[in-house]
Amino acid sequence: MLSNVVPQEHNRFPFSPIVDRPPLRWPNGARVAVWVIPNIEHFMFDRPGPAVVPATTGFVPDVLNYSWRDFGARVGIWRLMDVMDKHGIRGTVALNSDVCRHYPQIVEAGNALKWEWMGHGPNNNTMINSQPEDEERELIGRVLKTITDATGTAPTGWLSPALTESGNSLDILAEFGINYVANWVNDEQPYPMKVRSGEMLSLPYSAEINDYISFIERSQSGEAFAQSICDQFDVLYEDGATTGRVMAICLHPFLIGHPHRSKHFDKALAHIASRQEVWFATGCEIADWYRQQQAAVAG
C-alpha cells in the first residue's frame, strides 16, 4: 500500500549536475530537441479558472472569463494547428479527457496531423494532489481509458493540470504504463525517476517558455513571448554543441490562438526551423531516443 504522506525529501532521483553527465546526442547531430505542447483543456461552467478580467471571477457563472477560455476550443486550436503544420511540427498534446466528449472534432483533427496525446487529468478544474490513493488511481485510469478509446492510442506521457502531484502520482502513473512525465521543470535533459514498478522519465517542460505565465502572470505581449522563445532557443542551440538539450514550448489555445499573438509565434517557429541542427520531436520520440542512448552508454 502506498503512503499518502509526503516525505521531507522526494527521493525520486539523485542530484545530477548537467556538467557531470556524459554528452547527450540527438538524431542526425541535432543540438536541440524541440517539443511543442498544446494544452487542450475543458473548463467547467460553474468553477473559477484562468481569467482575463479578475473582477468577475467571483460570479457564478463567470460568463466573461468562461467564454474567453472557450475561445481556445472554438477558434484558437484551429489557428494553432495551422501555424504548427505550416512548419511541419507535430504537437504533443496535454489532453484533458473531457475534451474527448465535448470537442471530438479536435481529437479527429489532431489524429489527422499525427499529434501525440498525453494524459492531462479529466479537466482543468480537477487537480491531482489531495485525492486518497484509491480515488487517484481510479481517476487516472479513467482519464487514460477515455483518451485511449477516443484517440485509438494509449498515452505514454502525462502532464498534470497545473503540474500537480500527490506523493503517489508517479507510482500510480507507472502502473498504468505511463513512462514519462512533464511535471518537473528542473532540467534541460530527460532524467530517470524512481517508481515502485515500471519505469519513468522526467521530460523537460517549462514554466517560463509558457504562454500562460507570459501572458497572464507577466502581462507580456505576443511579440515579447516570441522573443523569449527565440532567445531561449539561441542559447540552447549554442550549449547543445557540447551536449544535447531539450526545449519545451508550452501553449494554451485560448491564449496563443489569438491573432495578435499567433503571428509572432509563427515568426518564432520560423526562426527555430531556420537552423539545421534541430530536431522537432514528440515527447514519446524524445523519451525513446534518450532511453536508447542511455542503454548504449551503459552497454
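Just so you know, these numbers use all the heavy atoms, side chains as well, and skip hydrogens, waters and symmetry mates.
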### Task
Report whether Ile40 and Ile89 are members of the same hydrophobic cluster (ILVMFWY, side-chain heavy atoms less than 4.5 Å apart, transitive linking).
yes
### Task
For Asn123 and Pro161, work out which heavy atoms get closest and say how close.
O-CG, 3.7 Å
### Message
As a quick check of understanding, evaluate side-chain contact (heavy atoms from CB on, under 4.5 Å) for Leu139 and Arg142, giving each step before the final call.
### Response
CA-CA 5 Å; Leu139 183 153; Arg142 178 164 32 89; 4.1 Å; yes
### Summary
Looking only at heavy atoms, the pair that brings Ala207 and Val185 closest together is N-CG1, 4.0 Å
### Task
Decide yes or no on ring-ring contact (aromatic ring centres under 6.0 Å, His included) for Tyr191 and Trp184, but give the supporting numbers first.
CA-CA 10 Å; Tyr191 61 85; Trp184 296 67; 7.6 Å; no
### Message
Pair Trp115, Met84 - check side-chain contact (heavy atoms from CB on, under 4.5 Å), show working.
### Response
CA-CA 11 Å; Trp115 282 13; Met84 291 174 59; 3.9 Å; yes
### Query
Under the 6.0 Å and 45° cation-pi test, does Arg90 pair with Phe280?
no
### Query
Are any non-hydrogen side-chain atoms of Pro38 and Thr92 less than 4.5 angstrom apart?
no
### Query
Hey, is Glu223 close enough to Lys263 for a salt bridge, meaning N to O under 4.0 Å?
no
### Query
Do NZ/NE/NH1/NH2 and the carboxylate oxygens of Glu208 and Arg218 come within less than 4.0 Å?
yes
### Query
Quick check: does any side chain N or O of Glu285 sit under 3.5 Å from a backbone N or O of Thr282, one acting as donor and the other as acceptor?
yes
### Message
Do Leu95 and Met118 have side chains that approach each other closer than 4.5 Å (heavy atoms only, starting at C-beta)?
### Response
no
### Message
What I want to find out is whether Asp82 reaches Lys86 closely enough, with some N-O distance under 4.0 Å, to be called a salt bridge.
### Response
no
### Query
Do Leu159 and Ile178 belong to the same hydrophobic cluster, where Ile, Leu, Val, Met, Phe, Trp and Tyr are linked whenever their side-chain heavy atoms lie under 4.5 Å apart, directly or via other members?
no
### Query
For the residue pair His42 and Asn96, what are the closest heavy atoms and their distance?
N-OD1, 2.9 Å
### Task
Say whether, by atom type as modelled, one donor and one acceptor occur between the side chain of Asn183 and the main chain of Ser160 under 3.5 angstrom.
yes
### Query
Is Asp171 salt-bridged to Arg12, cutoff N-O under 4.0 Å?
yes
### Message
Before we go on, tell me: are the rings of Phe215 and Phe225 under 6.0 Å apart, centre to centre?
### Response
yes
### Message
Quick one, Phe233 with Val278, criterion side-chain contact (heavy atoms from CB on, under 4.5 Å). Give me CA distance, side-chain angles, the key distance, then yes/no.
### Response
CA-CA 10 Å; Phe233 172 76; Val278 180; 3.4 Å; yes
### Message
Less than 6.0 angstrom separating the ring centers of Phe71 and His258, yes or no?
### Response
yes
### Message
Is there a side-chain contact (heavy atoms from CB on, under 4.5 Å) between Trp158 and His120? Walk through the geometry before answering.
### Response
CA-CA 6 Å; Trp158 180 274; His120 190 45; over 6 Å; no
#### Entry: Aromatic contact, Phe254 with Trp68 (centres under 6.0 Å)
yes
### Task
Give the cluster check for Phe176 versus Val195: same hydrophobic cluster or not, with ILVMFWY residues linked at side-chain heavy-atom distances below 4.5 Å.
yes
### salt_bridge(Arg137, Asp134) N-O dist < 4.0 Å
yes
### Task
Would you please indicate if the ring centroids of Tyr66 and Phe43 are separated by under 6.0 Å?
no
### Message
Check whether Arg31 reaches the backbone of Glu277 with its side chain - one donor and one acceptor, N or O, closer than 3.5 Å.
### Response
no
### Message
Check for me, please, whether Trp78 and Leu113 land in the same ILVMFWY cluster - side-chain distances under 4.5 Å, paths through other members count.
### Response
yes
## Note on the structure
Correct closest heavy-atom pair for Met81 and Gly110 would be CE-N, 3.8 Å
## Note on the structure
Value for CG (Asp187) from OG (Ser202), rounded to nearest 0.5 Å, stands at 7.5 Å
### Task
Give a yes or no on whether Ile286 and Ile249 share a hydrophobic cluster (residues Ile, Leu, Val, Met, Phe, Trp, Tyr; joining criterion: side-chain heavy atoms under 4.5 Å apart).
no
### Message
For Met127 versus Ala162, what's the shortest heavy-atom pair and its separation?
### Response
SD-CB, 3.6 Å
